[in-house]
Amino acid sequence: MTPYVTENPKPTIWVSNHVSMLDTFVFLATDEELRGKNRRPIKSIYWKGLDANPICKILFNMAGFIPVDMEDNGNGNLNVYNRASFKQMLKGTKQAIEDGFDILILPEGQLNPKPESGLQPILPGAYALAKGSKRPIQMVGMYGNHKLWHADDDIGTTVVAKDVK
């Protein structure tokens, strides 16, 4: 992993591909190695549907993560957002930025069921956040997380490999 370590980190919008339900957790587990000891606090934008899992709901709420609500219409399909929730997500993100947090966003907007074939369409939210907050975007590429927890329900949590980067 090539770290983005700096003595005095700039406020940043962190952008990653989305291959597994574990992506945010892998990012946070490698956070110090990736962003350094002087890293800024970070908040992630996440799909509110994950709140159906009580563990996720507790963890994400305690971390102050920012939910966005959209239909559970299957991986690989266009996202259909709840407009009121989207406005609330923008408000929460703006507040987090004002409070000095970095933001993590997965701009594919959903799990990529075929990451070996490349990215899904990238939604413009990360660019809009970076432009509106005058922050740089730092790209992160996740690899192998889908081999631990796949978007395809037929594979799901069947571990098919352990090479995660």
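Only this structure's heavy atoms are used, side chains among them; waters, hydrogens and symmetry mates stay out.
- Identified under the side-chain hydrogen bond (donor to acceptor under 3.5 Å, both in side chains) test for residues 87-99, with sequence neighbours left out: Gln95-Asp99.
- The heavy-atom pair separating Asn17 from Val19 by the smallest distance is ND2-CG1, 3.6 Å.
- Linking ILVMFWY side-chain heavy atoms closer than 4.5 Å, directly or via other members, places Leu28 and Ile13 in a single hydrophobic cluster.
- Considering CD1 of Ile55 and CG of Leu50, their distance stands at 13.0 Å, rounded to 0.5 Å.
- With sequence neighbours excluded, the residues that form a salt bridge (Lys or Arg N to Asp or Glu O under 4.0 Å) with Asp51 are Lys48.
- The side-chain contact (heavy atoms from CB on, under 4.5 Å) check on Ser44 picks up Thr24, Phe65, Leu104, with sequence neighbours excluded.
- Here the shortest heavy-atom pairing between Gly109 and Met70 reads O-CE, 2.7 Å.
- Under the side-chain contact (heavy atoms from CB on, under 4.5 Å) test applied with Val15, the options Leu106, Ile105, Val140, Ile122 reduce to a single match, Ile105.
- How far CG of Asp69 is from CH2 of Trp47: 8.5 Å, rounded to the nearest 0.5 Å.
- Residues Ala96 and Ile103 come closest through the heavy atom pair CB-CD1, 3.8 Å.
- Between Pro107 and Ser16, the shortest heavy-atom distance links the atoms CD-O, 3.3 Å.
- Applying the side-chain hydrogen bond (donor to acceptor under 3.5 Å, both in side chains) criterion to Asp102, with sequence neighbours excluded, gives Trp14, Arg35, Arg40.
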Pairs under 3.5 angstrom only: tabulate donor-acceptor contacts from the side chains of residues 125-137 to other protein residues two or more places apart or in another chain.
{"from": "Ser133", "atom 1": "OG", "to": "Leu129", "atom 2": "O", "distance (Å)": "2.6"}
{"from": "Arg135", "atom 1": "NH1", "to": "Phe101", "atom 2": "O", "distance (Å)": "2.6"}
{"from": "Arg135", "atom 1": "NH2", "to": "Ile97", "atom 2": "O", "distance (Å)": "3.4"}
{"from": "Arg135", "atom 1": "NH2", "to": "Phe101", "atom 2": "O", "distance (Å)": "3.2"}

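- Annotation: side-chain contact (heavy atoms from CB on, under 4.5 Å) contacts of Gln120 (sequence neighbours excluded): Glu108, Gln110, Asn112, Pro113.
- Following chains of ILVMFWY side-chain contacts shorter than 4.5 Å, one cannot reach Met139 starting from Leu119, and the two form parts of different hydrophobic clusters.
- Going from atom CG of Leu59 over to atom CZ of Phe25 covers 5.5 Å, rounded to the nearest 0.5 Å.
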